[in-house]
Number of protein chains: 2
Amino acid sequence: MELPSELETFVVHFGEMGSRWGFNRTVGQMLAVIVFTEEALNADQIAKMLSISRGNVSMGIKELQSWQLIRVHHKPGDRKDYFKPAGTIWELALQVLSERRKREVDPTLSLLRGQLMNEPGEYQFATERVKEIHDLLELFNTWFEDIHRMNPDSLKTLLKLGSGVGKVLDLKERLTTRDKS
Amino acid sequence: MELPSELETFVVHFGEMGSRWGFNRTVGQMLAVIVFTEEALNADQIAKMLSISRGNVSMGIKELQSWQLIRVHHKPGDRKDYFKPAGTIWELALQVLSERRKREVDPTLSLLRGQLMNEPGEYQFATERVKEIHDLLELFNTWFEDIHRMNPDSLKTLLKLGSGVGKVLDLKERLTTRDKS
DNA sequence: TATAATTTTCAGAAATTTCTGAAAATTCAG
DNA sequence: CTGAATTTTCAGAAATTTCTGAAAATTATA
């Protein structure tokens with residue numbers, strides 16, 4: 001199992017990108033070979049394709065599993081673990097977003113929450129900023145949770161509509177605010 | 001200008017977070033002191049508050065400016081540069097998202113685009129994945145661009161609605177598809 | 001249970017990133 | 001212009017992250 005040179009560009013690139021997503025270059029490359037290869041791959045194959053040590057692959061696999069991006073498969077009569085993507089491209093993308101939200105937003109949110117509990121109000125200016133950030137993240141969080149539950153097709157429709165949703169909202173407004181006028 | 005110990009927790013925390021957003025710990029801490037402090041700060045004050053070198057502050061400022069997160073101010077009779085956040089918390093958050101999109105999505109998109117041009121179709125499986133990722137990112141990109149233009153209030157409304165939008169869409173569907181039936 | 005196959009761990013090495021601080025460059029007032 | 005104030009640069013040092021590979025642990029087979 002060689003890394004086809006046609007794929008090399010992608011693998012290298014997704015390595016670079018991976019490091020922006022919260023895991024390191026090698027882990028990004030591992031994800032790339034797993035996603036772009038049709039058959040499931042075992043650890044030795046991955047090590048060989050990327051010219052990295054077996055131990056490194058083991059750690060990378062653990063990382064990708066903690067992100068729930070890959071899944072283990074077994075072949076009859078073979079004791080090795082084989083790995084495949086944990087879903088379609090669409091599902092993987094949502095999963096990356098979801099994990100990043102968890103790692104980037106949640107810890108901040110709980111810190112801010114805690115602080116707003118105590119905060120006796122001495123640093124008024126700072127406290128106001130804390131409140132603003134808190135509300136923003138909370139809003140984002142519930143929105144994302146909500147969105148994440150939608151089935152892919154509705155979600156795609158929604159994305160395609162973009163800010164066009166604004167217009168639909170106006171429409172809804174006109175239709176549902178009889179009580180207000 | 002001392003760093004009030006009440007703020008230390010936040011500054012440290014936003015340092016950690018900063019490194020998840022694409023800049024390093026120190027740059028994250030610099031952003032935090034600038035955002036949480038009411039008066040504009042100069043480079044020496046920032047260096048002192050965070051106990052880092054003057055040179056480091058200079059580099060951090062450049063970074064934060066490249067992200068368009070801070071802005072320089074001047075005081076009459078004072079030649080130093082003073083820095084303030086480049087907008088409200090809401091605007092800063094959008095700006096961070098916007099820059100991240102630019103740095104994480106755009107490069108991948110152009111690589112994929114280029115590849116789909118050439119690609120004579122030898123690695124069918126991989127090519128399909130390339131196409132899927134390409135379409136997904138393209139969809140996300142236009143959606144974000146669209147959304148980014150909305151004024152904060154409409155955007156807030158939209159976020160609050162969350163997947164409730166789905167219901168509104170159904171409503172719209174029923175109201176606008178007379179032509180189809 | 002013994003042993004062969006496989007995976008995981010982790011100490012130290014290698015690579016990368018970040019930081020310092022002195023020197024160079026820039027800016028501005030007189 | 002001159003020179004003091006300020007900012008920027010960047011080589012090397014320090015800190016951090018990632019990687020290797022051999023040993024330990026685990027798992028499955030016979």
Side-chain angles (χ1 to χ4, degrees), chain A residues 1 3 11-34 40-67 70-84 103, chain B residues 1 3 11-34 40-67 70-84 103:
Chain A
M1 177 68 46
L3 178 64
V11 170
V12 169
H13 180 86
F14 280 94
E16 297 309 322
M17 279 305 139
S19 63
R20 304 223 141 139
W21 299 356
F23 34 77
N24 69 37
R25 189 173 325 161
T26 308
V27 175
Q29 294 184 352
M30 289 178 53
L31 181 58
V33 295
I34 291 170
L41 297 173
N42 66 43
D44 288 316
Q45 292 174 312
I46 295 170
K48 183 129 174 284
M49 289 166 93
L50 298 176
S51 317
I52 59 180
S53 75
R54 188 52 234 288
N56 200 357
V57 172
S58 182
M59 290 161 82
I61 285 171
K62 236 174 48 182
E63 175 85 356
L64 288 171
Q65 282 176 324
S66 88
W67 282 72
I70 63 174
R71 192 166 288 160
V72 65
H73 276 252
H74 289 103
K75 306 196 170 184
D78 188 338
R79 282 170 58 181
K80 287 198 177 68
D81 290 340
Y82 287 79
F83 299 93
K84 298 185 74 163
R103 291 162 199 236
Chain B
M1 176 68 47
L3 178 63
V11 170
V12 169
H13 180 85
F14 279 94
E16 296 310 322
M17 280 304 139
S19 62
R20 303 223 143 142
W21 299 356
F23 34 77
N24 68 36
R25 189 175 323 165
T26 309
V27 174
Q29 294 185 351
M30 289 178 52
L31 182 58
V33 296
I34 291 171
L41 297 173
N42 65 45
D44 288 317
Q45 290 175 314
I46 295 171
K48 183 128 175 286
M49 288 166 94
L50 299 176
S51 316
I52 59 178
S53 75
R54 188 51 235 287
N56 202 357
V57 172
S58 182
M59 289 160 81
I61 285 171
K62 235 174 50 180
E63 176 87 354
L64 287 172
Q65 282 175 325
S66 88
W67 282 72
I70 61 174
R71 193 164 287 161
V72 64
H73 277 251
H74 289 104
K75 306 196 171 184
D78 188 338
R79 283 172 57 183
K80 286 198 178 70
D81 290 341
Y82 286 80
F83 298 93
K84 298 185 74 163
R103 291 162 199 236

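Predicted, not measured: the structure shown is a model, and the values here were computed from it. Every chain is numbered from 1 and lettered A, B, ... according to where its sequence line falls, protein lines coming before strand lines.
We find that CD of B/Q29 is positioned 13 Å from C1' of C/dT18, with the value rounded to whole Å. B/F23 has its CZ atom 17 Å from the P atom of C/dT17, to the nearest Å. Distance, A/M30 CE to D/dC19 P: 10 Å, rounded to whole Å. In this structure, NE2 of B/H74 is placed 10 Å from C1' of C/dT27, rounded to the nearest angstrom. A/R25 places its CZ atom 12 Å from the P atom of D/dT20, with the value rounded to the nearest Å.
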* Which letter, B, S or -, goes with each nucleotide of nucleotides 4-14 of chain C from 5' to 3', with contact meaning a protein heavy atom under 4.0 Å? -> BBSBBBB----
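Rounded to the nearest 0.5 Å, atoms CD (B/E63) and CE (B/M59) are 9.5 Å apart.
Across C/dT18, D/dT20, D/dT18, the shortest atom-to-atom separation from the side chain of A/T26 is found for D/dT18.
Evaluation of the ring-ring contact (aromatic ring centres under 6.0 Å, His included) rule for B/F14 yields B/F36 as partners, not counting sequence neighbours. Under the ring-ring contact (aromatic ring centres under 6.0 Å, His included) criterion, B/F23 pairs with B/W67, not counting sequence neighbours. Annotation: ring-ring contact (aromatic ring centres under 6.0 Å, His included) contacts of B/W21 (sequence neighbours excluded): none.
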Using atom types as modelled, flag every donor-acceptor pair under 3.5 Å from a side chain in residues 70-77 of chain B to any protein atom, sequence neighbours excluded.
from: B/R71; atom 1: NH2; to: B/A86; atom 2: O; distance (Å): 3.4
from: B/H74; atom 1: NE2; to: B/D81; atom 2: OD1; distance (Å): 2.8

Using distance only, find each side-chain donor-acceptor pair of residues 40-55 of chain A under 3.5 Å and give its atom names and separation, not counting sequence neighbours.
from: A/N42; atom 1: OD1; to: A/D44; atom 2: N; distance (Å): 3.0
from: A/N42; atom 1: OD1; to: A/Q45; atom 2: N; distance (Å): 2.8
from: A/N42; atom 1: ND2; to: A/Y82; atom 2: OH; distance (Å): 3.4
from: A/Q45; atom 1: OE1; to: A/N42; atom 2: N; distance (Å): 2.8
from: A/S53; atom 1: OG; to: A/N56; atom 2: N; distance (Å): 3.1

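Between B/N24 and D/dA15 there is no side-chain polar atom (N or O) within less than 4.0 angstrom of OP1 or OP2.
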